[in-house]
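Below, read A as the first sequence line, B as the second, and so on, with proteins coming before strands; counting in each chain starts at 1. The analysis underlying the following values was restricted to heavy atoms, covering all of them including side chains, and did not include hydrogens, waters or symmetry mates.
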Amino acid sequence: MSPATDDTDLELVMAIVRPEKLSDVKAALAEAGAPSLTVTQVSGRGSQPAKTGQWRGEEYVIDLHQKIKVECVVEPEDADDVVEAIREGANTGEKGDGKIFVLPVFDAVQVRTGDRGTDAI
Amino acid sequence: MSPATDDTDLELVMAIVRPEKLSDVKAALAEAGAPSLTVTQVSGRGSQPAKTGQWRGEEYVIDLHQKIKVECVVEPEDADDVVEAIREGANTGEKGDGKIFVLPVFDAVQVRTGDRGTDAI
Amino acid sequence: MSPATDDTDLELVMAIVRPEKLSDVKAALAEAGAPSLTVTQVSGRGSQPAKTGQWRGEEYVIDLHQKIKVECVVEPEDADDVVEAIREGANTGEKGDGKIFVLPVFDAVQVRTGDRGTDAI
Ligand SMILES: Nc1ncnc2c1ncn2[C@@H]1O[C@H](COP(=O)(O)OP(=O)(O)OP(=O)(O)O)[C@@H](O)[C@H]1O
Ligand SMILES: Nc1ncnc2c1ncn2[C@@H]1O[C@H](COP(=O)(O)OP(=O)(O)OP(=O)(O)O)[C@@H](O)[C@H]1O
Ligand SMILES: Nc1ncnc2c1ncn2[C@@H]1O[C@H](COP(=O)(O)OP(=O)(O)OP(=O)(O)O)[C@@H](O)[C@H]1O
Ligand SMILES: [Mg+2]
Ligand SMILES: [Mg+2]
Ligand SMILES: [Mg+2]
């Protein structure tokens with residue numbers, strides 16, 4: 001495995017979305033022909049300042065919101081469609097809808113078959 | 001930190017494996033001389049269609065299976081051995097055994113010492 | 001989205017830190033002007049050998065320690081400051097303080113607005 005980037009023939013689309021939009025995101029990905037994905041429960045904050053509340057007379061700060069991370073490793077030529085599908089599934093128009101990041105991936109291996117590269121995803 | 005890829009002197013091996021194979025994967029990595037790793041509980045689906053079941057007369061769909069993500073940042077020259085060790089530990093020969101992805105990493109820092117690059121992993 | 005690395009105009013700073021240092025890390029990031037982050041509960045091991053203990057006469061091995069993963073997507077020119085802020089927040093001087101990795105990111109999209117690249121983070 002070489003560190004040179006012309007070997008980068010896959011991409012990781014990593015999205016942070018609202019938990020209640022996960023099933024819309026999954027449906028949009030399946031419809032776009034990219035059903036494979038990995039899901040992680042995360043929390044986070046974007047650019048909004050922390051919200052302050054009161055509980056039993058004590059002030060507290062909610063600064064991390066529950067979110068879901070969705071990761072899809074895809075061929076580069078499919079990455080834009082996958083990003084668009086996730087955006088359609090995740091969008092409510094309200095602040096907090098999330099972010100989508102695209103990272104380079106050098107290689108993929110399917111454990112069962114040993115297939116590599118685009119054959120492995 | 002420059003975005004140029006000739007600065008990429010580390011790699012992230014990210015594997016999604018069966019929970020019940022985690023200890024075999026850890027053993028295989030230790031034996032390969034690469035014991036450091038980060039573990040995350042995830043769920044996901046690969047290329048199989050969702051499974052349908054019945055519960056109290058209601059139909060339901062299992063579409064996400066519990067998996068474990070194992071991440072190891074290694075020197076590029078060790079990445080193939082690390083991938084092979086994970087594959088050996090994770091393989092059962094059945095569908096659902098998982099995937100291994102390899103991503104470029106620009107730099108690493110050890111918090112305690114401030115060491116960077118290959119000295120930090 | 002092209003796989004060429006001169007398109008890489010963002011970076012992912014991924015840190016694995018002690019759970020009890022998360023609030024110091026968040027404060028250091030906010031102070032450094034980089035408040036956005038995603039947090040995941042993980043476990044892991046570094047270069048220390050597993051610790052052996054006794055419980056009701058049985059020997060057991062603690063080989064994975066609870067940690068927190070903090071991820072921040074930032075502009076490349078800010079990556080060093082973000083790494084330094086995390087290090088300051090996470091450091092106790094004891095073994096197990098953690099690691100910080102920096103990965104290339106091709107692109108970012110803000111779900112609500114559709115903004116891309118540096119406008120999206
Ligand atoms: N730069 C970033 N790095 C890492 N994670 C991020 C970043 N920006 C956002 N996130 C993750 O995405 C989640 C949702 O972010 P959010 O949609 O609130 O972004 P925002 O920039 O505040 O946009 P909006 O104004 O639409 O709310 C956050 O809770 C966090 O988990
Ligand atoms: N392209 C992908 N992107 C992100 N995660 C993936 C991808 N493919 C698989 N995964 C993750 O790996 C897990 C295991 O996948 P799995 O082994 O079922 O892959 P598969 O392609 O269906 O191969 P097999 O036919 O051997 O089952 C999934 O549950 C998911 O978490
Ligand atoms: N090479 C690595 N790849 C992936 N995760 C790592 C790696 N090294 C460390 N980690 C993660 O960081 C956590 C903390 O590591 P730790 O600080 O113990 O590193 P270390 O190399 O043992 O340094 P120290 O001697 O300061 O303890 C681990 O539990 C693991 O989750
Ligand atoms: Mg927001
Ligand atoms: Mg499968
Ligand atoms: Mg250690």
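Closest approach of C/M14 to B/L12, counting heavy atoms only: CE-CD2, 4.3 Å. Among all heavy-atom pairs drawn from B/V109 and C/R87, the shortest one is CG1-CD, 3.9 Å. Between C/L103 and B/F106, the closest heavy-atom pair is C-CD1, 4.1 Å.
At a 4.5 Å heavy-atom cutoff, the contact between B/V39 and chain C is made by backbone and side-chain atoms alike. No part of B/Q41 comes within reach of chain C, as not one of its non-hydrogen atoms sits under 4.5 angstrom from that chain. With a 4.5 angstrom heavy-atom cutoff, B/L37 touches chain C via backbone and side-chain atoms both. If you measure heavy-atom distances from C/S43 to chain B, the contacts under 4.5 Å come from both the backbone and the side chain. In this structure, the portion of C/E94 lying under 4.5 Å from any heavy atom of chain B is its backbone and not its side chain. C/K69 touches chain B through its side chain: at least one heavy atom from C-beta onward sits under 4.5 Å away, while N, CA, C and O do not.
Between C/I16 atom CD1 and B/E71 atom CD the span is 6.5 Å, to the nearest 0.5 Å.
Under a 3.5 Å cut-off, the side chain of C/K99 and the backbone N or O of B/A108 do not form any donor-acceptor pair.
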**Study point:** side-chain contact (heavy atoms from CB on, under 4.5 Å) between B/K26 and C/L64, worked out
**Key:** CA-CA 10 Å; B/K26 287 191 298 185; C/L64 294 184; 4.0 Å; yes
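Of the charged side-chain nitrogens involved, at least one lies within less than 4.0 Å of a carboxylate oxygen, so that C/D80 and B/R116 count as a salt-bridged pair.
In terms of heavy-atom pairs under 4.5 Å with chain C, the best-connected choice from B/V111, B/D115, B/V70 is B/V111.
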